[in-house]
Chemist: 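Pasting a structure below so you can have a look.
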There are 2 protein chains.
Amino acid sequence: MNNPELMASIAAAIGDPARSKILLALMGGRALTPTELSLEAEVAPSTTSAHLAKLHKADLVTVVRQGRHRYVQISNEQVAELVERLGGLSGPVPIKTASGPKDPAMRTARVCYDHLAGELAVRLFESLVRQHWLELKTDGIAITDRGRPILEGFGIDVAALERSRRLTCRQCLDWSERRHHLAGSLGAALLDGILSKRWAERDLVGRTVRFSAKGEKQLKRDFRIP
Amino acid sequence: MNNPELMASIAAAIGDPARSKILLALMGGRALTPTELSLEAEVAPSTTSAHLAKLHKADLVTVVRQGRHRYVQISNEQVAELVERLGGLSGPVPIKTASGPKDPAMRTARVCYDHLAGELAVRLFESLVRQHWLELKTDGIAITDRGRPILEGFGIDVAALERSRRLTCRQCLDWSERRHHLAGSLGAALLDGILSKRWAERDLVGRTVRFSAKGEKQLKRDFRIP
DNA sequence: CTCATACTTCGCTTATTGTCGAAGTATGAA
DNA sequence: TTCATACTTCGACAATAAGCGAAGTATGAG
């Protein structure tokens, strides 16, 4: 059964504005340094250090040292999903950023931990199912025999994904669209492929993924997205 | 986009052992009084009052007055799902209870907010899909034309469920089985039906649902569960 | 080797939180 | 009307937490 003490400690670890900012910043999927996170959280580096210690103790983040740099990441996708759920419950608010209408861009395509989220991601997922390249089952989502060559044609080593212990396919609730997009190792591989083919690029900061006109066209063609 | 302040306040509201115990107690789906919750949380009534005020402020619970009694419930199923997710992340631990092997009973059938969870619930859901009475789609789970008479035969007013604003069908991750069971208004209606037919009964305290031998047989027969 | 950078630890201050018993308020039974 | 019950509010106490600047440690550039 659930352990209220442990549950409370996890929630308490998240339950501070600075730590929430840190977790949300990490939801972009990038490993960030304490200095970067200090800027995101708008607290002093020493305070950030203490916060990271708490997040680490609660197993919400991992830290890897590389020379004098520390790289912080969200521990695993269960944590990512929890943060996303908490985010969804707290509802979307407008982004206060310097340039242009960013929120629409975020709705269209963004990184959710390690996979693509947003309207395009939702439609991609729907198309994969509609084309019977993925099959929805009660115990998960399966890559079909029809879908395998399509995904391999896109450059994904499907066999390797399936050999991995990690879930290949998982639905992730897209808070901006209130439908699902594809998470799991296949979701991550699709994003990697999109980025490596330069159909889209990430913003330098933040989570937005911007498709070029050509890239979006290519995505829609290859995956039969209306 | 996500609001870190609001996200932090929701998580902080959960992030105390006493409040976690309160929320987990409420996950049984029953409205409980502050006195009952005080016993569950193992704190003084005045402390419970303060905790309930915090949970209410964070919109995690609702309180209804009935004479001198207050009845507390979880606000909505998004909150229930969040609590379930947090519970899943913190992992199951053995129940320390007076009588018998409760944990196995909890794995078999229990209440998850307002619907059935556990091994039987998972198999019920799988069967509903396998029999094509429910259909998995990327935008949700639909009751099929084939399934409609089956559910109505069980005593469920399917049209009324579908007219409701609430989601009829939703997958809920069963932490004990690591597969999904059925939540949403259909999930709740199924549980109501099972209880009203006396195929199963709830324990007086806690979340366990106990099927009689006859009731389990009936469930398996009517819903083609192997 | 020296200096700069990244990051943590320490000590301190301030604020917040959780707990309780006692008192108070509202409701219901007798 | 009186007494019991359910629950909240108040005041007090103790513990915890978040914040910072300064100092310390480790790494890397020049």
Side-chain angles (χ1 to χ4, degrees), chain A residues 3-26 30-74 205, chain B residues 3-26 30-74 205:
Chain A
N3 177 344
E5 274 77 29
L6 187 50
M7 174 175 155
S9 70
I10 292 170
I14 301 171
D16 173 84
R19 292 197 292 278
S20 288
K21 285 171 182 169
I22 288 169
L23 289 172
L24 287 170
L26 293 172
R30 291 189 180 96
L32 297 173
T33 64
T35 304
E36 291 165 333
L37 292 171
S38 175
L39 293 170
E40 287 288 341
E42 302 174 270
V43 293
S46 51
T47 308
T48 298
S49 237
H51 283 317
L52 288 176
K54 284 196 167 193
L55 292 171
H56 189 264
K57 189 181 177 189
D59 288 320
L60 296 173
V61 299
T62 59
V63 183
V64 169
R65 293 178 64 159
Q66 212 169 62
R68 65 190 181 192
H69 289 283
R70 306 280 194 272
Y71 289 99
V72 186
Q73 286 185 283
I74 285 197
V205 171
Chain B
N3 179 344
E5 274 76 29
L6 187 51
M7 173 173 154
S9 72
I10 292 171
I14 301 172
D16 172 84
R19 288 196 295 277
S20 287
K21 286 170 182 168
I22 288 169
L23 289 172
L24 287 170
L26 293 172
R30 292 190 178 96
L32 296 172
T33 65
T35 304
E36 290 165 334
L37 291 170
S38 175
L39 292 169
E40 288 287 341
E42 302 173 90
V43 293
S46 51
T47 307
T48 298
S49 236
H51 283 317
L52 287 177
K54 285 197 169 195
L55 292 171
H56 189 265
K57 190 180 176 189
D59 286 322
L60 297 174
V61 299
T62 58
V63 183
V64 170
R65 294 177 65 159
Q66 212 170 61
R68 65 192 183 191
H69 290 283
R70 309 278 192 272
Y71 289 99
V72 187
Q73 285 184 284
I74 284 197
V205 171

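The sequence lines fix the lettering, A, B, ..., with proteins before strands; numbering per chain opens at 1. Not measured: the values here are computed from a predicted model.
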Chemist: So A/Thr33, base contact, sugar-phosphate only, or nothing? Heavy-atom distance under 4.0 Å.
Modeler: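 The answer is sugar-phosphate, as A/Thr33 gets under 4.0 Å only of primed atoms, P, OP1 or OP2.
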Chemist: In this structure, how many angstroms lie between the P atom of D/dT8 and the CZ atom of B/Arg65, rounded?
Modeler: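 About 9 Å, once rounded to whole Å.
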Chemist: In whole angstroms, how far is the C1' atom of D/dC7 from the NE2 atom of B/His56?
Modeler: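 After rounding, the reported distance stands at 15 Å.
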Chemist: Assign B/Thr35 to base, sugar-phosphate, or nothing according to its heavy-atom contacts below 4.0 angstrom with the strands shown.
Modeler: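 Sugar-phosphate contact only - B/Thr35 comes under 4.0 Å of backbone atoms but never of a base.
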Chemist: Closer to the 5' end of DNA chain D via nearest nucleotide, is it A/Ala18 or B/Ala53?
Modeler: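 Mapping each residue to its closest nucleotide by heavy atoms, the 5'-most match is B/Ala53.
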Chemist: Would you mind reading off the distance between A/Gln66 atom CD and D/dT27 atom P, rounded to a whole angstrom?
Modeler: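 In whole Å, D/dT27 P lies 13 Å from A/Gln66 CD.
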Chemist: What I want to check is whether an N or O donor and acceptor connect the side chain of A/Ser46 with the base of D/dG19 at under 3.5 Å.
Modeler: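 Checked by distance alone, the answer is no.
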Chemist: Which heavy-atom pair separates A/Ala25 from A/Leu37 by the least distance, and what is that distance?
Modeler: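 In terms of heavy atoms, the two residues are closest at CB-CD2, 4.1 Å.
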Chemist: Which nucleotide in the list D/dA18, D/dA6, C/dT9 gets nearest to the side chain of A/Ser49?
Modeler: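 Minimum distance to the A/Ser49 side chain belongs to C/dT9.
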Chemist: Among the candidates D/dA18, C/dA4, D/dT8, find the nucleotide nearest to the side-chain atoms of A/Lys54.
Modeler: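 Closest nucleotide to the A/Lys54 side chain: D/dA18.
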Chemist: From the options C/dC20, C/dA6, C/dT8, select the nucleotide whose nearest atom is closest to the side chain of B/Thr47.
Modeler: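 So the side chain of B/Thr47 is nearest to C/dC20.
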Chemist: By nearest atom, which of the nucleotides C/dT8, D/dA6, C/dT19 is closest to the B/His51 side chain?
Modeler: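 Ranking C/dT8, D/dA6, C/dT19 by closest atom to the B/His51 side chain puts C/dT19 first.
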Chemist: Ignoring the backbone of A/Arg68, work out which of C/dA4, D/dG19, D/dT5 is nearest its side chain.
Modeler: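 The listed nucleotide nearest to A/Arg68's side chain is C/dA4.
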Chemist: Figure out the CZ/C1' separation between A/Arg70 and D/dT25, and round it to whole Å.
Modeler: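 Interatomic distance, CZ of A/Arg70 to C1' of D/dT25: 10 Å.
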Chemist: Starting at atom CD1 of A/Ile14, determine the distance to atom P of D/dA18, rounded to an integer number of angstrom.
Modeler: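 A/Ile14 atom CD1 is separated from D/dA18 atom P by 13 Å.
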